[in-house]
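Structure, as structure tokens:
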Amino acid sequence: MLIQTQKKIASSGITSLEHYVDRRRFLKTSASALVTGSIAAGCFGTDEAEAGDPDANRIPRKKLTFEKPSDPGMRTDEELTSHKDATRYNNFYEFGTDKSDPARNSGQFQTDPWSLVVEGEVGKPGRVPLETLLAPHGLEERVYRMRCVEAWSMVIPWVGIPLGEILKRFEPTSKAKYVSFETLYDPERMPGQSRRVLDWPYREGLRMDEAMNPLAILAVGMYGETLPNQNGAPLRLVVPWKYGFKGIKSIVKIRLQEEEPATSWNVSAPREYGFYANVNPDVNHPRWSQARERRIGSFGKQPTLPFNGYADQVASLYRGMDLRRHF
Ligand code: MTE
């Protein structure tokens with residue numbers, strides 16, 4: 001029941017992911033929402049989230065200690081998105097499909113204790129408590145642009161550990177060509193999973209060489225504190241040269257494998273969301289242009305950069321590939 005148009009539309013007219021999914025699965029969205037879409041309401045900040053204070057019942061965050069790498073490729077000096085916007089304007093469908101739902105509905109989500117299962121093509125598989133996973137590593141702050149496939153962007157100071165450093169500890173075998181990630185599946189704790197808006201649990205994946213690139217991190221914090229629940233506590237993926245939906249939240253399982261893993265958005269809408277999902281201003285989404293983006297908190301739009309501005313660090317990973325096909 002796809003309702004699509006190949007005609008280019010202004011990003012103010014983009015129907016956001018949540019409305020698209022709702023429309024496809026339930027045909028519940030009103031005709032006016034099809035025209036305006038909720039992205040238009042949210043792009044200039046989160047006025048909507050002012051109603052009721054989502055901070056009132058949230059579990060307190062902890063301050064983190066971290067290094068600040070000197071490599072300018074890992075720390076953009078662009079203005080940071082405000083903490084408020086970054087924590088009130090979210091996509092986390094496990095807590096609802098509206099941008100303000102995750103902040104409102106995830107406050108009491110318990111993430112302690114937490115453990116991660118690492119399995120598949122590794123010499124040392126196992127379930128590891130989060131503290132044990134993090135213990136041998138120092139934390140780093142990375143200030144990255146985040147470009148959502150919906151044509152908005154933010155600049156966020158993440159705190160985390162290079163994904164490659166963590167994977168190495170589990171001793172990948174020579175057959176480990178891809179990494180697959182899975183979010184917790186627990187509809188009692190994540191009420192959005194009771195609705196079949198996606199094929200739960202949320203799954204994402206990377207090629208092994210992408211996962212080993214130093215830009216890819218597992219984040220445990222942002223703005224100097226442990227992650228708020230709505231941003232993917234206690235552990236999420238951050239891959240800044242890819243569209244934001246690759247940044248899977250609240251990860252409980254990592255599997256190294258020989259075959260390309262199935263990923264949630266690609267399974268739901270294969271024509272719209274690819275496995276690679278590298279930010280590319282030259283490949284439009286079937287329903288809107290990807291040439292420009294709206295920085296949340298600012299007015300106007302700015303050009304979107306190939307690989308979200310990280311081409312020097314990652315373009316070589318895709319040499320010889322047709323990037324139009326591998327969006
Ligand atoms: N991870 C899970 N488990 N569930 C989700 O719905 N949404 C993705 C990604 N990770 C999502 C997820 C999308 S579409 C985006 S744009 C980013 O998270 C948003 O991250 P943020 O809310 O921290 O800005």
Side-chain angles (χ1 to χ4, degrees), residues 14 16-22 38-39 42-43 46 49 54 80-106 109 111 144-160 180-187 189-193 195-206 217-223 226-240 242-254 263-269 272-273 277 279 285 290 293-297 308:
I14 292 171
S16 60
L17 289 177
E18 70 265 30
H19 281 95
Y20 173 62
V21 169
D22 280 355
S38 71
I39 192 166
C43 276
T46 50
L80 296 184
T81 299
S82 72
H83 180 271
K84 188 172 171 187
D85 280 342
T87 59
R88 305 275 177 96
Y89 186 82
N90 300 102
N91 279 330
F92 198 174
Y93 282 17
E94 286 85 341
F95 293 101
T97 54
D98 194 88
K99 292 284 184 287
S100 58
D101 284 343
R104 226 184 352 234
N105 300 333
S106 69
F109 176 58
T111 60
Y144 286 155
R145 291 173 288 278
M146 180 174 80
R147 170 62 158 84
C148 178
V149 76
E150 296 167 337
W152 52 263
S153 62
M154 299 192 188
V155 176
I156 299 183
W158 300 105
V159 180
S180 133
F181 303 85
E182 234 177 75
T183 293
L184 175 72
Y185 178 69
D186 186 343
R189 293 163 68 197
M190 295 182 140
Q193 290 174 334
R195 293 175 62 207
R196 295 209 53 235
V197 288
L198 276 176
D199 182 30
W200 308 114
Y202 196 100
R203 281 164 296 150
E204 257 310 331
L206 294 174
I217 61 167
L218 283 179
V220 293
M222 61 195 282
Y223 298 88
T226 47
L227 284 173
N229 288 339
Q230 61 268 36
N231 294 91
L235 190 69
R236 76 172 280 171
L237 181 65
V238 179
V239 206
K242 293 180 179 283
Y243 289 116
F245 68 86
K246 298 292 290 182
I248 180 171
K249 299 177 171 182
S250 305
I251 300 169
V252 289
K253 193 194 277 185
I254 292 183
T263 57
S264 291
W265 279 106
N266 183 240
V267 168
S268 293
E272 308 210 350
Y273 307 107
V279 175
H285 186 278
Q290 293 291 26
E293 65 200 55
R294 191 183 303 283
R295 188 60 56 87
I296 298 292
N308 202 21

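Whatever order the structure lists ligands and atoms in, that order sets their numbers, starting from 1.
If you look at K246 next to ligand 1, there are no close heavy atoms at all, none under 4.0 Å. Contacts between T183 and ligand 1, counted as non-hydrogen atom pairs separated by less than 4.0 Å, involve the side chain only. At a heavy-atom distance under 4.0 Å, no atom of E204 approaches ligand 1. By the criterion of a heavy-atom distance under 4.0 Å, the side chain of Y202, and not its backbone, is placed next to ligand 1.
Residue contact check for ligand 1: M146 places a non-hydrogen atom closer than 4.0 Å to it. Heavy atoms of G232 come nearer than 4.0 angstrom to ligand 1 in no pair at all. Using a non-hydrogen distance threshold of 4.0 Å, M222 does not register as a contact of ligand 1.
Counting atoms of ligand 1 from 1 in the listed order, those under 4.0 Å from a heavy atom of I248 are 1 (N), 10 (N). Atoms of ligand 1 lying under 4.0 Å from at least one heavy atom of F92, given by number and element, are 2 (C), 3 (N), 4 (N), 5 (C), 6 (O). Within ligand 1, the atoms closer than 4.0 Å to a non-hydrogen atom of Y93 are 5 (C), 6 (O), numbered from 1 in the order shown.
A heavy-atom distance below 4.5 Å is not found between the side chains of E272 and V149.
Here R145 does not pair with E293 in a salt bridge; the nearest charged N to carboxylate O distance is not below 4.0 Å.
Here the shortest heavy-atom distance to atom 13 (C) of ligand 1, taken over Y89, F245, W200, belongs to F245.
In this view, P191 and F95 satisfy the side chain to side chain contact (heavy atoms under 4.5 Å, CB included) rule, not counting sequence neighbours.
Exactly one residue among F92, Y273, Y93 makes a ring pair (Phe, Tyr, Trp, His ring centres under 6.0 Å) with F245. That residue is Y273.
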